[in-house]
Amino acid sequence: MGKLNVQRLKETLNYLQSKQRELKRQSETDTRSLESMIKYLKKDMMEQYQLSEHHVSIKQEIKDTEAFIENVKNIIETNS
């Protein structure tokens, strides 16, 4: 993973984290669209950055957004 890809991955991760925070704030209202966006974003990150090549169990943890975020942070740290 090159420096440019790491930078783009950081930016994408920041966006995912902001959507996750927004989802938590809106716990009382209809959050289906946010949940769908987060699900799509995680799948897109898996494909675009080939994250499963950098972390063995990330595919199994994709449903848990918090664990996914931590794993992506570890991938970024390892590749920076």
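Since we're looking at a predicted model, the values are computed, not measured.
At least one side-chain heavy atom of Ile58 sits under 4.5 Å from a side-chain heavy atom of Ile75. The closest side-chain heavy-atom distance from Gln20 to Tyr15 is not below 4.5 Å. For the pair Leu51 and Leu9, the minimum side-chain heavy-atom distance is below 4.5 Å. At a threshold of 4.5 Å between non-hydrogen side-chain atoms, the residues Tyr49 and His54 do not count as touching.
The distance from the OG atom of Ser18 to the CD1 atom of Ile38 is 8.5 Å, given to the nearest 0.5 Å. Once rounded to the nearest 0.5 Å, the distance linking CZ of Arg21 with CG of Leu16 reads 9.5 Å. The NE2 atom of His55 lies 6.0 Å from the CG atom of Asn74; values are rounded to the nearest 0.5 Å. If you take CE on Met37 and CG on Leu23, they are separated by 10.5 Å, rounding to the nearest 0.5 Å. Remark: Lys39 NZ to Leu34 CG distance equals 14.5 Å, nearest 0.5 Å. Note that CD1 of Ile76 is 5.0 Å distant from CG of Leu13, once rounded to the nearest 0.5 Å.
Between the side chain of Asn71 and the backbone N or O of Ala67, at least one donor-acceptor pair lies under 3.5 Å.
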>> Is there a salt bridge (charged side-chain N to carboxylate O under 4.0 Å, His left out) between Lys19 and Glu22? Walk through the geometry before answering.
In response: CA-CA 5 Å; Lys19 291 301 167 189; Glu22 188 176 337; 3.2 Å; yes

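Residues in residues 45-69 take part in these salt bridge (charged side-chain N to carboxylate O under 4.0 Å, His left out) pairs, two or more places apart or across chains: Lys24-Glu66. Among residue pairs with one or both ends in residues 67-80, those qualifying as salt bridge (charged side-chain N to carboxylate O under 4.0 Å, His left out) are Glu70-Lys73; sequence neighbours excluded.
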